[in-house]
Every structure is written in structure tokens, then in C-alpha cells.
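Because only heavy atoms are used, hydrogens play no part in the values below, and waters and symmetry mates are left out as well, while side chains stay in. Note that the structure is a prediction, hence the values are computed from the model and not measured.
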Amino acid sequence: MIKILKYGEVENKDIFARAVPTVNVEDTVSEIIKDVRENGDSALFKYCEKFDRAKLDCLTVTKEEINEAVAAVEPEFIEILQKAAVNIRKFHEKQVRNSFIINDTEGVVIGQKVIPVDRAGLYVPGGTAAYPSTVLMDSIPAKIAGCREVVIVTPPNSEGKVNPVILAAAYIAGVDRIFKVGGAQAIAALAYGTESVPKVDKIVGPGNAFVAEAKRQVFGEVSIDMIAGPSEILIVADGTCNPKYVAADLLSQAEHDRMASAVLVTDSAELAESVSAELEVQIPLLERADIARESIDKNGKIIVADTLNSAIEIANEIAPEHLELCVDNPFDYLDSIRHAGSIFMGKNCPEALGDYFAGPNHTLPTSGSAKFSSPLSVDDFVKKTQYTYYTRDALAKVARDVEFFAKKEGLTAHAKSAVIRIEE
């Protein structure tokens, strides 16, 4: 049963604390990466057979397989995927940054170019759960950014097939190539390239502990989006909320992972008790009841605060991945929220709306990193380069300033490079 605590009985920073497994994946992942770097496709085939129980003769998903998948998926779901894609595009198109130029000083031109990365690699989890939403959320911003090529890696089933809904989502999002490979070996393939899988410039997407560790180890060879931890939700609710809704929203995260954290902060002791009771009603009805039960029992909490302002203080302290403001006037509190991955406003905005359909990205910073990180966006798939142009006359006006500055740092060659042009 979920723990009910009074505000102050647990430090804010420890509200999302959870028992972290002591499994050491670092060495295993390091060996896999080394194997893929040295042996390329042959290593990928070996790991596919070992971990996915699939004996493949080709890693690439063919156009025929994609067409078959689209035809096999219910037309209703295809339509829903298309609606979601429209919403995601509409939101992310507003994030596009423009290059700029400044030439308001005679003889001087400075500016910045915004350039997409050439190739983006997207990791899409497979196995028992398929996430077409991840395909849309990760590939659409890359396409809007203007990446020349967007590729997906995802593990196949034991028959060597990729889940049709993943392929359907990739088709709708306009993904260029898809490969049947998962786990740390897929990250290694994207980072270093193999005979089949191209080397990419940026790797994004969620995964298990092995995938996260692989992303950490290849960072520097390629860019990555983030190293995400277990999913988490913080719900701030007033006493007028429907406890059934609040319990359902807590469970929407708890069913993700046994390590997930679902926390309610409320100013109503009555709501706290009602939500606790409602969780016991709803958990047995879930298909993933065993996962949700462990998550709620080990990591779930209900905090009874004196005021909603105290609840906002908690939110800013722990910087949750998902923050629901289940209050009557959520916009009254919006300016007070400084740290959260994504905020869901009001009593009719479940976090699941953001997972699939509304448009804002669902790839979010976890484990308090929302204090300094942002949701996945178009910005993740571009880089900036800057340029400077001075005429001789413009340089002459500032060369002595540059010389003076450089000498203050003891860099006389820097100083000379500026003044030599005006002394000749």
C-alpha cells in the first residue's frame, strides 16, 4: 500500500528516492561495444540471436516489410497515429531557430548559422512493449530540424520481425531507414557504424539500463539526448479532485516500470486517504498489476502539505519529469513552477495525453535533471556555427584593444596577430 506522509516527514529531495539495483552493467556494455566496433555486422547478428532469439540474414527492414506492416495495422490506429503526428509537428515547428546576421557597424559582419546534424539515430524499445509514440516523438523533430537522414534501430521478435505498429509510425513520420537491432549493440552500431548500420551524429531515445549505459559510454564519439532514469510523476492536487482520476494518473506511471515513482502532494488529508483506497481498487484491474503494485509499494508516496504553495515548493525541489497541476486554476501557479520536464494543467489533462497525442514531446529529463535540462526538441537535432568578418579599416579601429586584452592574458602571439595587419 502507498505510504501517506505529512509534509516535512521526508525531505523534498528524497521524495523520489528509490532503491537502485546494484547490477553492474558497465563492463558488459563495454565488451559489447568493443565487439561491435571490431566485428561490425557479425557481432550484431550474434547478439540478435543471443538476446532476441532471432537468426537473421539481413538487418535492414525492407520496404515490403514496411508496406505489409502498414496494411496489417488497424485503419483506426493509422488514423490516430496521423492525428498525433499532426499535433506533434504543429508544436515542434514553433521551435525552429533561424540563423541571424548583424552588420550595424561599418566594415563588420558577424552572425550565426543554424545547421541540422547530418544523420540522427533513434533507439526504439521493443520486446514485450512497443512504443510507436516514441517513433513519432523522436523522429518528427529530427525531420523538422532538417536532418539529411533519420534512422531507427529497434529489436526484432524471435521471428525476426519488427512490431507492425512501430513500422507504421515510422512510415507516417518519414523515417529513412530501419534496422533490426536492439540493446547496447544497437547504440554501438549507431556510434561507430557497421557494414549495414550507418554511423550517426546524434543518438536519442529511451531504453533499459544497458542502453542507457551504452549511450553514456559512446558520448563524445556521438552526441546523445540524455541518460534517462526510471519514469516519474508528481501530482499536485487540491481537495476537490476526484480520487479516481488521481489514482489512475499515478498508476499511468507506476505501470511503466517497477522502479517508477508516482507521488501525490495534496493539501487535503481526506483526498490522501481516498486516493490510497482507490489505488487498491484499481491496481488489481491492470494488465501490468504486478509492476504497478511493486512501484506503488516501494516508491509511491502521498504527501499531505499545509498549502498548495508548499506543494509547489516540493515540485521545484525535486524537478519531476511529469508534473500534474490538478487544481481549479492551474495558470495561477504556472509562473511559480521553475523546474519540471512537462507540466499538465488542470483536472482534465492526464499525463497520458502528453505521452501520445497533445503535441509536446514526451522524451523528458528525469531524476531531477529538469533543473538544467529540457525536453527533446528540434534544438536537439541542430548545431550552431558562428562567423566573423572585418575589413582592414574595421580591424584597425579595434586592433590595439585586442592587443591590450591579449597581453593581459600573456598571449603575445595573439596580440601580434591583430596588430601586424595595421602596422604593415
Side-chain angles (χ1 to χ4, degrees), residues 2-18 229-256 260-279 282 292 295-296 299-355 358 360 362 364-371 373-375:
I2 197 166
K3 295 178 284 291
I4 300 179
L5 305 167
K6 288 184 178 180
Y7 181 63
E9 288 186 352
V10 59
E11 290 190 42
N12 291 353
K13 64 182 179 63
D14 294 327
I15 286 175
F16 273 177
R18 58 199 122 193
S231 190
E232 56 199 37
I233 187 170
L234 177 69
I235 300 177
V236 173
D238 61 31
T240 66
C241 285
N242 188 323
K244 293 182 179 180
Y245 300 169
V246 176
D249 290 359
L250 290 170
L251 293 174
S252 72
Q253 287 305 297
E255 73 170 352
H256 258 302
S261 289
V263 175
L264 164 65
V265 185
T266 179
D267 60 353
S268 168
E270 182 180 352
L271 180 69
E273 294 292 344
S274 298
V275 170
S276 177
E278 185 60 33
L279 286 169
Q282 293 189 26
S295 170
I296 289 294
N299 306 315
K301 296 179 183 70
I302 298 177
I303 309 295
V304 180
D306 295 332
T307 66
L308 289 179
N309 287 330
S310 294
I312 299 301
E313 181 182 331
I314 291 173
N316 284 324
E317 177 73 20
I318 64 180
E321 178 188 15
H322 305 97
L323 173 62
E324 287 191 9
L325 291 179
C326 293
V327 296
D328 284 330
N329 301 297
F331 287 95
D332 291 347
Y333 298 92
L334 182 58
D335 287 345
S336 299
I337 302 295
R338 299 191 309 278
H339 309 303
S342 194
I343 307 172
F344 300 86
M345 309 284 288
K347 298 178 179 179
N348 298 300
C349 192
E351 181 271 321
L353 188 66
D355 269 353
H362 78 193
L364 305 170
T366 63
S367 305
S369 60
K371 287 187 175 181
S373 299
S374 306

Do you know which two heavy atoms are closest between [X] and [Y], and how far apart they sit?
| X | Y | answer |
| --- | --- | --- |
| A315 | I337 | CB-CD1, 4.4 Å |
| C241 | V246 | CB-CG2, 4.0 Å |
| A370 | G341 | CB-N, 3.7 Å |
| S295 | S261 | OG-N, 4.4 Å |
| H362 | D355 | ND1-O, 2.8 Å |

Is any side-chain heavy atom of [Y] closer than 4.5 Å to one of [X]?
| X | Y | answer |
| --- | --- | --- |
| V263 | I235 | no |
| K301 | L5 | yes |
| L234 | E324 | no |
| F16 | P320 | yes |
| C326 | V236 | no |

[X] side-chain N/O to [Y] backbone N/O, donor-acceptor pair under 3.5 Å:
| X | Y | answer |
| --- | --- | --- |
| S342 | H322 | no |
| K371 | E317 | yes |
| H339 | A319 | no |

Interatomic distance, [X] atom [atom1] to [Y] atom [atom2] [nearest 0.5 angstrom]:
| X | Y | atom1 | atom2 | result |
| --- | --- | --- | --- | --- |
| L325 | L323 | CG | CG | 4.5 Å |
| I314 | E11 | CD1 | CD | 12.0 Å |
| N299 | E232 | CG | CD | 10.5 Å |

Let me check something: any side-chain donor-acceptor pairs from residues 302-309 under 3.5 Å, sequence neighbours excluded? List them with distances.
unit_1	atom_1	unit_2	atom_2	d
T307	OG1	N309	N	3.4
T307	OG1	S310	N	3.1
T307	OG1	S310	OG	3.3

Residues passing the side-chain contact (heavy atoms from CB on, under 4.5 Å) test with A277, sequence neighbours excluded, are none
Under 3.5 Å donor-acceptor pairs involving side-chain atoms of residues 248-255, not counting sequence neighbours:
unit_1	atom_1	unit_2	atom_2	d
S252	OG	D249	O	2.6
Q253	OE1	S231	OG	2.1
Q253	NE2	E351	OE1	2.5
Q253	NE2	E351	OE2	3.4

Residues pairing under side-chain hydrogen bond (donor to acceptor under 3.5 Å, both in side chains) where one sits in residues 327-337, two or more places apart or in two chains, turn out to be D328-K347
Exercise for review: Provide the full list of side-chain hydrogen bond (donor to acceptor under 3.5 Å, both in side chains) pairs with a residue in residues 263-274, sequence neighbours left out, each pair given once.
Suggested key: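 Every pair satisfying side-chain hydrogen bond (donor to acceptor under 3.5 Å, both in side chains) with a residue in residues 263-274: there are none.
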Just checking K6: does its NZ atom have more than 12 heavy atoms from other residues, nucleotides or ligands closer to it than 6.0 angstrom?
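Open.
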Exercise for the section: List in chain and number order the residues that pass side-chain hydrogen bond (donor to acceptor under 3.5 Å, both in side chains) with Q282, two or more places apart in sequence or in another chain; answer none if no residue qualifies. Expected result: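 side-chain hydrogen bond (donor to acceptor under 3.5 Å, both in side chains) list for Q282, sorted by chain: E278.
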For Y7, all residues meeting side-chain hydrogen bond (donor to acceptor under 3.5 Å, both in side chains), sequence neighbours excluded: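 For Y7 the side-chain hydrogen bond (donor to acceptor under 3.5 Å, both in side chains) partners, ignoring immediate neighbours, are E313.
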Report the residue from V275, I2, I233 that forms a side-chain contact (heavy atoms from CB on, under 4.5 Å) with L264.
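For L264, the side-chain contact (heavy atoms from CB on, under 4.5 Å) check succeeds only for V275.
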